[in-house]
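In what follows, chains carry the letters A, B, and so on, assigned in the order in which the sequence lines appear, proteins first and then strands, with residues in each chain numbered from 1.
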Protein chains: 2
Amino acid sequence: MKKIINNPSHVVDEMLEGFAYANSDLIKRVPDTTVIVKKSLEKGKVGLVSGGGSGHEPSHAGFVGKGMLTAAVAGEVFTSPSPDQVLEGIRAADQGEGVLLIIKNYSGDVMNFEMAAELAETEDITVKQVIVDDDIAVEDSTHTNGRRGVAGTIIMHKLLGAAAEQGSSLTELKQLGDELVKQIKTIGVALTPATVPEVGKPGFTLDSDEMEYGVGIHGEPGYRRESLKSSRAIADELIAQLKKEYQWAQGESFGLLVNGLGATPLMEQYLFINDVREKLEQEGITIKFKKVGSLMTSLDMAGVSMTLVKIKDDKWLEYWSHPVEVVGW
Amino acid sequence: MKKIINNPSHVVDEMLEGFAYANSDLIKRVPDTTVIVKKSLEKGKVGLVSGGGSGHEPSHAGFVGKGMLTAAVAGEVFTSPSPDQVLEGIRAADQGEGVLLIIKNYSGDVMNFEMAAELAETEDITVKQVIVDDDIAVEDSTHTNGRRGVAGTIIMHKLLGAAAEQGSSLTELKQLGDELVKQIKTIGVALTPATVPEVGKPGFTLDSDEMEYGVGIHGEPGYRRESLKSSRAIADELIAQLKKEYQWAQGESFGLLVNGLGATPLMEQYLFINDVREKLEQEGITIKFKKVGSLMTSLDMAGVSMTLVKIKDDKWLEYWSHPVEVVGW
């Protein structure tokens with residue numbers, strides 16, 4: 001394992017210290033917690049809280065700031081944060097208008113975030129939640145009932161964050177979140193596995209000429225292994241899977257996120273979105289907004305994912321272009 | 001070689017197409033060139049042009065936009081752009097107030113950018129240049145006389161970009177650039193080599209437990225190989241090298257950039273800056289601004305670099321916090 005770390009058991013704490021130091025103009029760490037919160041909260045706004053296991057940086061702390069999340073809660077690497085830590089995040093984000101939790105669909109996350117919500121209610125903080133299950137690769141994965149939550153979660157952060165800043169109520173945000181989740185779908189491919197620092201070896205193995213479609217962001221099994229294909233062939237496969245789900249018609253409008261899984265250079269991500277663009281043009285669907293970058297990573301995994309969001313409301317376009325002040329967007 | 005590409009000979013063109021598509025709100029590609037230019041130029045401002053071989057993304061095109069570069073010129077991977085292409089960049093960036101070239105100190109880049117400047121002068125475009133040689137690791141490297149230009153170039157983009165937007169003249173920008181270059185120093189460490197697509201195999205080899213201090217962003221040899229050390233020990237070594245150069249005194253003020261070389265996850269970069277922070281505090285020097293991220297990469301190389309800029313003028317702090325609209329900052 002080649003990593004720039006000290007004690008593998010302390011990576012999350014040391015990372016949060018470094019993150020808070022590096023970005024002290026935008027965010028701060030709530031002392032003695034794994035919570036990163038906006039430096040200054042605006043009264044009268046609903047709080048947005050997300051989080052989950054570490055190892056997906058810049059998710060989620062990198063999306064804390066004006067126009068996106070109010071707070072993010074970090075667990076150990078690939079491990080849900082405890083209910084106590086999530087409760088700290090809810091407390092930090094609440095400004096009297098309630099808190100919306102944006103939870104990736106992993107059993108541990110769902111359980112611990114829901115438990116925290118119950119604890120918060122006893123403190124008279126109103127909490128609602130949306131569960132993101134955008135990964136269409138597989139059903140009922142290693143740590144999940146149903147579908148996993150992956151890079152589409154960032155689109156939730158962006159659109160809900162804009163709506164919250166524009167003054168939407170908790171009820172409105174919950175409704176928007178539930179509507180968005182239905183329209184967001186992701187599929188990816190892994191070229192190399194990730195190595196968790198405390199484990200010290202890769203979570204799975206792939207031959208030197210092999211890739212696997214549908215691998216999860218914790219290395220959960222995907223749906224097919226084959227020899228490494230061209231960017232164009234990968235784009236074709238991922239788009240074919242998404243088409244099956246959406247059953248889109250010509251002229252329909254979508255947003256697009258191409259996401260690097262950690263070790264894949266931007267060069268390849270840009271090259272890949274060029275192939276995605278060509279294929280989607282052939283399909284006759286319209287891309288209204290798009291983004292490329294390593295936003296929801298899996299440590300040092302190489303690979304990409306592709307997320308679409310079907311635009312059901314032109315308001316979503318406005319939310320997309322709403323300005324933000326965060327580290328990771 | 002595991003890369004998401006099509007034909008290895010076409011990676012730069014396809015990447016530029018994808019980059020221009022993904023970021024069409026901010027930038028555009030000048031047709032039939034490798035030039036990325038700001039979508040809308042403001043009259044009365046000096047143009048800033050940088051560039052160089054590809055493979056360092058988001059550098060340099062990712063820094064084109066309001067408050068940073070006017071245009072960036074891309075060469076083939078790890079290869080200087082031709083004088084003709086640089087001339088296209090100068091033409092695209094000129095608004096009648098002249099153009100400043102920000103050149104990393106590699107023999108090919110210096111020669112081709114200077115040739116382009118001469119060609120531009122024949123078209124009555126006034127061109128000046130600054131050459132960035134911030135890498136203190138070695139002298140007279142594979143492609144360089146003197147010291148190499150690396151991640152400190154991004155600080156040049158940021159500070160000169162703010163000054164240009166605030167209306168500095170070409171002469172003032174040249175003067176600021178020359179002053180900045182003297183105050184910017186970088187040193188790095190590589191854990192794994194990069195693989196150029198057309199070559200198909202790593203540019204050098206490191207054992208599974210080995211790292212090398214001072215490797216260049218094209219894989220040029222560094223100054224020492226040893227077994228992989230802790231983040232804290234790496235921070236100590238890099239800071240010791242920088243201290244030798246600066247001969248700093250307690251209480252002096254600096255800016256800080258921790259830069260990922262491509263495949264190193266943000267988790268490690270944040271953890272590393274935490275160790276850098278502790279060591280610099282012990283040294284008694286003051287960090288006035290700081291930044292973490294993979295800004296000047298070397299394809300899929302794992303490792304980090306650390307850049308300091310000694311603050312000689314409080315105006316530089318204002319330039320640092322001047323808002324930008326670019327992809328990569």
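Looking at B/Leu257, neither its backbone nor its side chain comes within 4.5 Å of chain A, counting heavy atoms on both sides. Interface remark: A/Val258 contributes no atoms to any contact with chain B (heavy atom separation under 4.5 Å). With a threshold of 4.5 angstrom between heavy atoms, A/Leu16 does not approach chain B through any atom at all. Of the atoms belonging to A/Leu206, heavy atoms from both backbone and side chain fall under 4.5 Å from chain B. Residue A/Ser208 touches chain B through its backbone alone, counting heavy-atom pairs closer than 4.5 Å.
With rounding to the nearest 0.5 angstrom, the CG atom of A/Asn274 is 12.5 Å from the NE2 atom of B/His10. Distance CD1/B/Ile5 to CG/A/Leu228: 8.5 Å, rounded to 0.5 Å. The CD atom of A/Glu17 lies 8.5 Å from the CD atom of B/Glu278; values are rounded to the nearest 0.5 Å. We find the NZ-CD distance between A/Lys2 and B/Glu268 to be 12.0 Å, quoted to the nearest 0.5 Å. For the atom pair A/Lys3 NZ and B/Met267 CE, the distance stands at 8.0 Å (nearest 0.5 Å).
Between B/Tyr21 and A/Val276 there is no side-chain heavy-atom pair separated by less than 4.5 Å.
Considering B/Glu57, B/Met15, B/His56 as possible partners of A/Leu266, the one that fulfils the side-chain contact (heavy atoms from CB on, under 4.5 Å) test is B/Glu57. Just one residue in the list B/Leu271, B/Leu191, B/Asp275 forms a side-chain contact (heavy atoms from CB on, under 4.5 Å) with A/Ile4, and that residue is B/Leu191.
More than 12 heavy atoms of other residues, nucleotides or ligands sit less than 6.0 Å from atom CG of B/Asp209.
Among B/Ala263, B/Ser321, B/Gly293, the residue making the largest number of heavy-atom pairs under 4.5 Å with chain A is B/Ala263. Note on B/Val11, B/Thr297, B/Ile234, B/Val292: by heavy-atom pairs under 4.5 Å with chain A, the leading option is B/Val11. Among the candidates B/Glu210, B/Lys291, B/Met1, the residue making the largest number of heavy-atom pairs closer than 4.5 Å to chain A is B/Glu210.
When all heavy atoms are compared, the tightest approach of B/Ser230 to A/Asn6 is CB-OD1, 3.4 Å. Contact between A/Lys290 and B/Ala22 at its shortest, heavy atoms only, is CG-O, 3.6 Å.
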